[in-house]
Protein chains: 2
Amino acid sequence: MPAPQRVTRAALTTAARAIAEDEGIDAVTISAVAAVVGVRPPSLYKHVGHRHDLLRLIADDAARELDEDVAALAGSTTDPAAMLTAIARAFRAFSARSPRASSLLFAGAALGTEGAEPQSEGMVALTRTLLSAVQATTPSDPLPAARTLTAWAHGFCTMEQAGAFRLGGDVDEAFEFGLATLVGALTAHR
Amino acid sequence: MPAPQRVTRAALTTAARAIAEDEGIDAVTISAVAAVVGVRPPSLYKHVGHRHDLLRLIADDAARELDEDVAALAGSTTDPAAMLTAIARAFRAFSARSPRASSLLFAGAALGTEGAEPQSEGMVALTRTLLSAVQATTPSDPLPAARTLTAWAHGFCTMEQAGAFRLGGDVDEAFEFGLATLVGALTAHR
DNA sequence: ACCTGAACACCGTTCAAGT
DNA sequence: ACCTGAACACCGTTCAAGT
């Protein structure tokens, strides 16, 4: 009689993400995740190839969740500037809620992704959602515009969570300043 | 007769940074660095407290080097927009030259920095240089402006090096678009 | 004063063996 | 079909001992 499956991908993801947020990315080990899902370390290799796959599960889960947040804003406004502003704030809210997971969102190299791996489903969905939102704003060439906004939001949130803004000053104010500057410029012409 | 010092901070830094760029951050271990500097692993604890200190040495070294690059631009132009543009391009050039080290620049958490550690000398210098450069542009409140530009540049370069821009499109063009957008907006008024 | 060997607790990973 | 124990190579870290 074959043994019933005791480890699901969802359980792995939940366990890995919880450990990441509670104890840091370095604590996301094969051993720790195995212990949480109630199995011995070697068993995990039936489901993942390497330890980095655990980080990829976290990143994909985070991308899906953030995509839901962003997609949920779709009908909230028809004003392009208001939409971009809402998306960026959703980014920051997610980053504050799940700092470790969000730090993995665009961290291909840290995930052992040496450039050859396909994008995760979650990232594909998130990218598509972001691009179509930006498209409504600057129909000419949405890709550079989307990359600009994403790069800024990702950089700001990453730096904020890493404690890089220590010179005093209001970090909320800096975020809103940057956001207004960028959204203003992106929606100004055409 | 006391043994002569065989491990210097400079040697540690050089070894750690070389390993980081050649084999990745995860390969920067106490053992690997010890082997490169020609000593047994336990000896390193006379010079660093934990493995994370090796990453901090790399980050500090990177900050110093980037600060030099940025400071060297000081007399190159008197046009504020041209100055900010040159600084951002120096950022990206450094990121391309030293992707692993630059990924550690603002990565407090990944360095075991849980918020209590003082800024490294290199980061203090770099921050001061950047802030004074931006001050010449927007004298009113340079801090949010500097944070906006830094967050975007850091986010863009980090994502680029992580392979996050895979949807095609010209990445150079996206960088220049974002840079022109941001610098234009930051230098537009007042 | 600095370096070493030995030791400990831990990890990732493989694989033959169990059920 | 899935899980386990045993094993291997490795790592961070401590500490008493060498010179």
S.K.: To the nearest angstrom, how far is R9(A) atom CZ from dC2(D) atom P?
M.R.: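 About 16 Å, once rounded to whole Å.
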
S.K.: Mind checking what makes salt bridge (charged side-chain N to carboxylate O under 4.0 Å, His left out) contact with D61(B), not counting sequence neighbours?
M.R.: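 With sequence neighbours excluded, D61(B) shows a salt bridge (charged side-chain N to carboxylate O under 4.0 Å, His left out) to R17(B), given in chain and number order.
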
S.K.: Please name all residues satisfying side chain to side chain donor-acceptor pair (under 3.5 Å) with D22(B), sequence neighbours left out, ordered by chain then number.
M.R.: none

S.K.: In whole angstroms, how far is the P atom of dA1(D) from the CZ atom of R6(A)?
M.R.: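 The distance from CZ of R6(A) to P of dA1(D) comes to 18 Å, rounded to the nearest Å.
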
S.K.: Quick one: hydrophobic cluster around L131(B), which other residues, with the 4.5 Å side-chain cut-off, linked directly or via members?
M.R.: L167(A), L143(B)

S.K.: Identify which nucleotide among dG5(C), dC3(C), dG12(D) has an atom closest to any side-chain atom of R40(B), counting heavy atoms from C-beta outward.
M.R.: dG5(C)

S.K.: Under 3.5 Å, which protein N or O atoms sit close to an N or O of nucleotides 13-15 of chain D? Give each pair with its distance.
M.R.:
from    : atom 1 : to     : atom 2 : distance (Å)
dT13(D) : OP2    : Y45(B) : OH     : 2.8
dT13(D) : OP2    : R51(B) : N      : 3.0
dT13(D) : O5'    : Y45(B) : OH     : 3.2

S.K.: Just to be sure I understand the geometry, which residues of residues 10-19 of chain A put a non-hydrogen atom under 4.0 Å away from DNA chain C?
M.R.: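 Per residue number, the list is empty: none.
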
S.K.: The side chain of K46(A) is closest to which nucleotide in this list: dT4(C), dC2(D), dC2(C)?
M.R.: dC2(D)

S.K.: Residues sharing V124(A)'s hydrophobic cluster, by side-chain heavy-atom contacts under 4.5 Å among ILVMFWY, directly or via others?
M.R.: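 Besides V124(A), the cluster holds no residue at all.
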
S.K.: Dot-bracket for DNA chain D, please. Rules: Watson-Crick or G-U, both distances under 3.5 Å, ( ) within the strand, [ ] when a pair crosses earlier ones, | for another strand, . otherwise.
M.R.: ||.|||||...|||||.||

S.K.: Suppose we screen for salt bridge (charged side-chain N to carboxylate O under 4.0 Å, His left out). Which residues come up paired with E121(A), at least two apart in sequence or across chains?
M.R.: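 Expected list: R64(A).
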
S.K.: Can you list the residues that meet the ring-ring contact (aromatic ring centres under 6.0 Å, His included) rule with F156(B), with sequence neighbours excluded?
M.R.: W152(B), F165(B), F175(B)

S.K.: What residues form a side chain to side chain donor-acceptor pair (under 3.5 Å) with S120(B), not counting sequence neighbours?
M.R.: D60(B)

S.K.: Measure from the side-chain N and O atoms of R51(A) to the backbone N and O of V28(A), and report whether any donor-acceptor pair falls under 3.5 Å.
M.R.: yes

S.K.: So F177(B) and T148(A), do their side chains get closer than 4.5 Å, heavy atoms only?
M.R.: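 Yes - at least one pair of side-chain heavy atoms lies under 4.5 Å apart.
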
S.K.: I'd like to check the salt bridge (charged side-chain N to carboxylate O under 4.0 Å, His left out) partners of R89(A); sequence neighbours left out, ordered by chain and number.
M.R.: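 Listed in chain order: E176(A).
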
S.K.: Between S43(B) and dT4(C), does any side-chain N or O lie under 4.0 Å from OP1 or OP2?
M.R.: yes

S.K.: If the condition is side chain to side chain donor-acceptor pair (under 3.5 Å), which residues does T129(A) pass it with, not counting sequence neighbours?
M.R.: D67(A)

S.K.: Rounded to the nearest angstrom, tell me the gap between atom CD in E23(A) and atom P in dC11(C).
M.R.: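 Result: 10 Å.
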
